[in-house]
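Beneath this line is the structure, given in structure tokens, with notes to follow.
In this chain, residues are counted from 1 in sequence order.
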Amino acid sequence: VYRSPAAGDTTLEWVADTVDTSFFDDGLATDPSLTPLPAGALGEWIALPEMASARSSPCASWTADPEPDPVRVHLFVAGGLDESGEPLDSVERLDITIVTAGEHETDTWVDAGVTLTEARSQCGAWTVDSTRHSVVDEGEAWLYFGGGLTDTRAVGTVDAGRVEVGGVFSEWDEIDSMSPARAGFGVTSASDFLYGFGGQQGAPSTGGVSGELGEEPMSDVRNWNSLGVSLTEARYLAGSAQESAVVVQAGGETDSASATRSTDVTRW
């Protein structure tokens with residue numbers, strides 16, 4: 001429970017903790033060192049179980065379990081560099097049970113039972129489900145891991161599979177490769193397309209690529225084509241995020257600087 005320390009004061013300070021649905025405040029003193037978190041603030045970081053392998057610059061994404069009872073999601077991490085700087089081809093999975101909106105329970109990391117066609121880091125990961133795509137049924141989910149750096153070069157290799165009950169992959173296979181190759185690139189998936197931004201040949205670039213979903217079998221793409229629009233600045237190793245129809249590419253290495261503060265935004 002929080003309230004202002006005095007009448008007319010607009011600040012809020014801690015008064016007491018309670019588990020009851022009602023609370024009587026008879027003039028208790030407030031604690032100015034404890035104030036409510038502001039809007040958008042994060043809570044305390046909590047360590048989850050460690051992965052089986054140390055990984056630098058892996059690709060990661062998540063899917064919901066096809067059977068939502070209980071509600072479970074699966075976090076997948078693929079590739080990356082090990083402690084000696086060698087690229088990995090392994091894929092790990094962390095199962096998460098959603099007890100309530102504010103309480104999640106995790107298992108330990110396990111081998112996902114599949115491997116990347118080529119060991120690599122700086123790859124991209126796309127989730128394809130019915131929330132943003134019409135080519136899959138409700139409850140169906142696919143994961144795509146594409147591009148990246150091997151120990152010698154950037155590649156456009158793409159591995160994909162359907163996520164079944166319990167987070168197990170089926171129909172896992174290599175599909176059409178992106179061209180040109182990319183590494184350290186931004187990604188998003190929406191409206192039956194996979195998108196990649198920047199990172200051409202593992203270097204800063206303004207160009208992007210898209211692959212259309214819906215080919216039989218489902219995991220294939222019809223064609224990887226260059227996008228008709230470009231980023232405002234060449235980027236490599238930029239941050240990539242999507243919220244609803246808004247796609248953001250932030251920072252990264254450019255063709256003239258090792259790091260930039262600039263940000264690009266678009267909509268699909």
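Here the side chains of T30 and R3 are in contact, with some heavy-atom distance below 4.5 Å. No side-chain heavy atom of V163 sits under 4.5 Å from any side-chain heavy atom of V168. Annotation: side chain of W14 is not in contact with side chain of P32 (no heavy-atom distance under 4.5 Å). E86 places none of its side-chain heavy atoms less than 4.5 Å from the side chain of L81. Side-chain atoms of V128 and D192, non-hydrogen and from C-beta on, never get closer than 4.5 Å to each other.
Checked against a 6.0 Å centroid threshold, the rings of Y195 and F185 do not count as neighbours.
Judged as a side-chain hydrogen bond (donor to acceptor under 3.5 Å, both in side chains), not a single pair has a partner in residues 175-187 (not counting sequence neighbours).
Applying the side-chain hydrogen bond (donor to acceptor under 3.5 Å, both in side chains) test to R93 and every residue at least two apart in sequence or in another chain returns D95.
Taking a cutoff of 4.0 Å between a charged side-chain nitrogen and a carboxylate oxygen, R162 and D173 do not qualify as a salt bridge. Between R153 and E118 a salt bridge is recorded (basic side-chain N to carboxylate O distance below 4.0 Å).
S189 places a side-chain N or O within 3.5 Å of a backbone atom of T127 that can act as its donor or acceptor partner. In this structure, D82 contributes its side chain and S84 its backbone to a donor-acceptor pair below 3.5 Å.
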